[in-house]
Each structure stands twice: as C-alpha cells, then as structure tokens.
**Q** 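Here you go, one structure.
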There are 2 protein chains.
Amino acid sequence: MDSMVAREQALDAAERLFYGRGIQSVGMDDIRGASGVSLKRLYQLFPAKEQLVVAYLERRDVRWRQRLAEHVEGHEDPGRRILAVYDWLGQWFREPDFRGCAWINSYGELGATSERVAAQVRSHKRAFKGYLSGLASDAGLPAGLADQLFLLAEGAMVTAAIEQSGAEPAVQAGLAARMLVKGYGGAVGH
Amino acid sequence: MDSMVAREQALDAAERLFYGRGIQSVGMDDIRGASGVSLKRLYQLFPAKEQLVVAYLERRDVRWRQRLAEHVEGHEDPGRRILAVYDWLGQWFREPDFRGCAWINSYGELGATSERVAAQVRSHKRAFKGYLSGLASDAGLPAGLADQLFLLAEGAMVTAAIEQSGAEPAVQAGLAARMLVKGYGGAVGH
DNA sequence: CACCGGGGAGAACGATCGTTCTCGCACCCG
DNA sequence: CGGGTGCGAGAACGATCGTTCTCCCCGGTG
C-alpha cells in the first residue's frame, strides 16, 4: 500500500523534471533525488525508464483532459463551449512553468526511438481531437470542423512554446475558431 | 577549399540522421560513418556537436523556405498563393522520409537545454510567419490573418508527424485557411 | 633524399547514464 | 531473543558518447 504513495511521488518528480527539462536530460538518479524514492523502489515500480515515461504521460493525459473538461463545463452554450477551449489554452500558456505540450515535446524527443511513447502521444492527441469532435457535434456543426479546430489548438501549443508569448497564440486561435464556427453556420454567443 | 565539400558532406549526413532519428540518438561517430568525413575534420569544421546541429538547422531553413517560395511563385493570384502554401505542405507530408517539422522536433529535444538551438528554431518560425504575413498583405488581407494561417500550418505539421496520415492535415488546414480568407473578405479563385 | 605539416583511422579518455549489486540496518514472526 | 526479510544508500558495472590524442602515411618543398 505504501508503494502507492511512492509511485505517486515518483510520478510527481518525473512530471516536474521531464516536463521542465526534457526526458533525455533527466536521469533516474535525478528522479530519485527529487522524489525521495530509492532507486531500488523506482525500478520495482517501473522496470525501465521508458515505462516511467509512459506512466508520466498517461497520468498527465487524464489530468490535462480533465482540467480542460472542467473549464469547458462552466459554459452552457455549445458554441461558447468551443471557444472556451481556447480560453483555457490561454490560461495554460500563462502558467509560469509552461513549456509547451508535453506530448509534442516527447514525440520530438523519443517518437523516432520509442514506439511506446509514440503510441501514448497518438492516443492523447486522438482523445483531444475526439473531445473537440464532441463539442462540435453538440453545437450542430459538421465533423470536419473539429479537425480544423484541432489544428488551431495544436498550432497554438507549439507556437506558445517556441515563442514564449504567453496567451497570445491562444487568442489568435480563438479568433480563427470563432470565424470558422460562424462560417459553418454556428451561433456564437458573446 | 576541399573542406567546403567535406562540410557539405557532413551536413548531408547530419541532416539525414538528425532528421530521421532525432539528434540525441545520433552520435558524432554515426555522422563520421555516414559522411566519410573523419572525426578530426568534423571537429575542425564544427568544434562541438551543438554547432553542427545549428548549422544543419540553418542550412535546412534556407532550403525549406526556398522550396516553399518556389512552389508558391507558381501561382499568380494572391489569394491562391496563400492556399498554395497548404498544397505544398501536403506534398511535403507525403514524402516517404517525412518525420515532422525539424525545428519543432529539435525544440522538443533540445529547446530546454540549448539556447542556440532554441534561438535557431525561433528564427525559422519567425521567418515562416513573416513569409505568410507578406502573402496576406499582398492579398490585401489584414495582418492578424497571417497569425491564424501560421497556427494552421504549425498544427498541420505536428499532426502530420504524430499521426502518419500523409497530406490530410494539410488539406484540412487548407480548407480552414480558405474559409478564413473568405471571411476576411479576400477573393479566392478556385 | 630528408624533412615537415596536415590529415585519416581509430584508440583513448572522461563523463554520464540506465541498471544492478552489495551491504547494513530495522522490523516482524516464532 | 534470534533469524530472516525487505528496504534504503550508494557503489559498481557496462554501455554510450562527446571530445581529444596517438600514430602513421603521404605529398610537397629545399
């Protein structure tokens, strides 16, 4: 049972370090130091670093999508809900330790060498796109729009990471999204 | 003088390997093997791996933007030129060795640890965005549109990389771009 | 021919890292 | 109390890698 808390501590440290400095530049020993979980315990929880990486991405995935969904659920109007996604992205981009999308970064780092990581990244992105599809169909908008909304969100994430421009890419993406929604015949409350 | 050809060979090998397998997973020795340029020569051309990486990104940057510009220049109508960007992206995505945007990937891998790489990535993205701004203003469209066109292109690049879906993200981005251009009052010939 | 400078092949070095092993301590069951 | 078992601390191991060094050949110069 105590190993559950060790697991969470290990994942906390892994998330902080992997996300902040990249995966390859963080050693298992750094994670031990930051988490207080001994190397032996680390390796019985996660038999290889790759599994720790995947577990970190998985846990972050459910939390990330949950935070997004909670924000969106604060809005009633289906058209407004779509735009709320970009508001939330803007909030995220302004967090002081924001360093881009963990999955896009991980894919750039390990997508070519680790199939498990690549699969986790695809799974996260598909879930996000699926979520947008749901919002679009709730608003009576065509399915193709969701793909475009997705591209805007992805573009905003990379741009916010590379330039460290805070919420601005999210604002631009939100403006574009609003125009696309209107163009497809959706109503957007103010 | 002969060192110029060694430099090109080194950069050819660096580009092939760094782009295909990621930067950190390619050793200097791999580059020597693939280029035929001796380690000693490599290190007198590029005193550290980081400089080889930056040189690779720089050379690829000018070639990439030139290829794009050549494609776009095949079109006359200013509105059509904007959409030609997405056509070209689609062609690029279908190349058999396509593995995403070299700069986004490099940023995910080294953005947190190498300021020189991060600066090169920013420089490339700013140049690309600047190019789109030029296309937008040639078409008499507002400057803000260029930011949105940029986000669509970036989103298409990451998505095409993660899913290996060929040209489809470029098609979606092109449709969105077309709608945005029309929404801002631009004329788009078919 | 003697010499020298540059370059290639590849060994060597030092650091890092993922992973495993050793050792010693503390706790639990009889 | 006594023996064993699980765990933490950290050393150790083996591989990899960036970088430098050694050694040897070759081509040019007097």
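For the numbers below, each heavy atom of this structure counts, side chains included, while hydrogens, waters and symmetry mates do not. Just so it is clear: chains get the letters A, B, ... in the order the sequence lines come, proteins before strands, and each one is counted from 1.
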**Q** So, does B/Q44 get its side chain near the phosphate of C/dG6, meaning an N or O under 4.0 Å from OP1 or OP2?
**A**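 So the side-chain polar atoms of B/Q44 never come under 4.0 Å of the phosphate oxygens OP1 or OP2 of C/dG6.
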**Q** From CG of B/L45 over to C1' of C/dG7, roughly how many Å is that when rounded to an integer?
**A**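 From B/L45 CG to C/dG7 C1': 12 Å.
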**Q** If I take atom CZ in residue B/R32 and atom C1' in nucleotide C/dA11, what distance separates them, rounded to the nearest angstrom?
**A**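 To the nearest whole Å, that distance equals 11 Å.
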**Q** In whole Å, I'd like the distance from the CG atom of B/L42 to the P atom of C/dG7.
**A**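 Computing the B/L42:CG to C/dG7:P distance gives 13 Å.
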**Q** Any Lys/Arg nitrogen of B/E8 or B/R59 sitting under 4.0 Å from an Asp/Glu carboxylate oxygen of the other?
**A**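 Salt bridge between B/E8 and B/R59, a charged N being under 4.0 Å from a carboxylate O: yes.
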**Q** Using a strict threshold of under 4.0 Å (side-chain N to carboxylate O), is an ion pair present between A/R16 and A/D97?
**A**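 Between A/R16 and A/D97 there is no salt bridge, as every charged N stays at least 4.0 Å from the carboxylate O atoms.
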**Q** Pairs in or reaching into residues 114-127 of chain B: which pass side chain to side chain donor-acceptor pair (under 3.5 Å), with residues at least two apart or in two chains?
**A**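 Sorted pair list: A/E163-B/R126, B/E50-B/S114, B/D61-B/H124, B/E115-B/R122, B/K125-B/E154.
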**Q** Could you tell me whether B/R80 and B/D87 have a side-chain N and a carboxylate O separated by less than 4.0 Å?
**A**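 Looking at B/D87 together with B/R80, the answer is yes, because their closest N to O distance falls below 4.0 Å.
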**Q** Run the salt-bridge test on A/E95 and A/R67 with the 4.0 Å N-O cut-off and return the result as yes or no.
**A**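 Yes, A/E95 and A/R67 are salt-bridged.
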**Q** Between the protein and nucleotides 15-22 of chain C, which nitrogen or oxygen pairs come in under 3.5 angstrom?
**A**
from: C/dG18; atom 1: OP1; to: A/K49; atom 2: NZ; distance (Å): 2.4
from: C/dG18; atom 1: OP2; to: A/M28; atom 2: N; distance (Å): 2.7
from: C/dT19; atom 1: OP2; to: A/Y43; atom 2: OH; distance (Å): 2.9
from: C/dT19; atom 1: OP2; to: A/K49; atom 2: N; distance (Å): 2.9

**Q** What I want to find out is whether B/D147 reaches B/K129 closely enough, with some N-O distance under 4.0 Å, to be called a salt bridge.
**A**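 So B/D147 pairs with B/K129 through a salt bridge.
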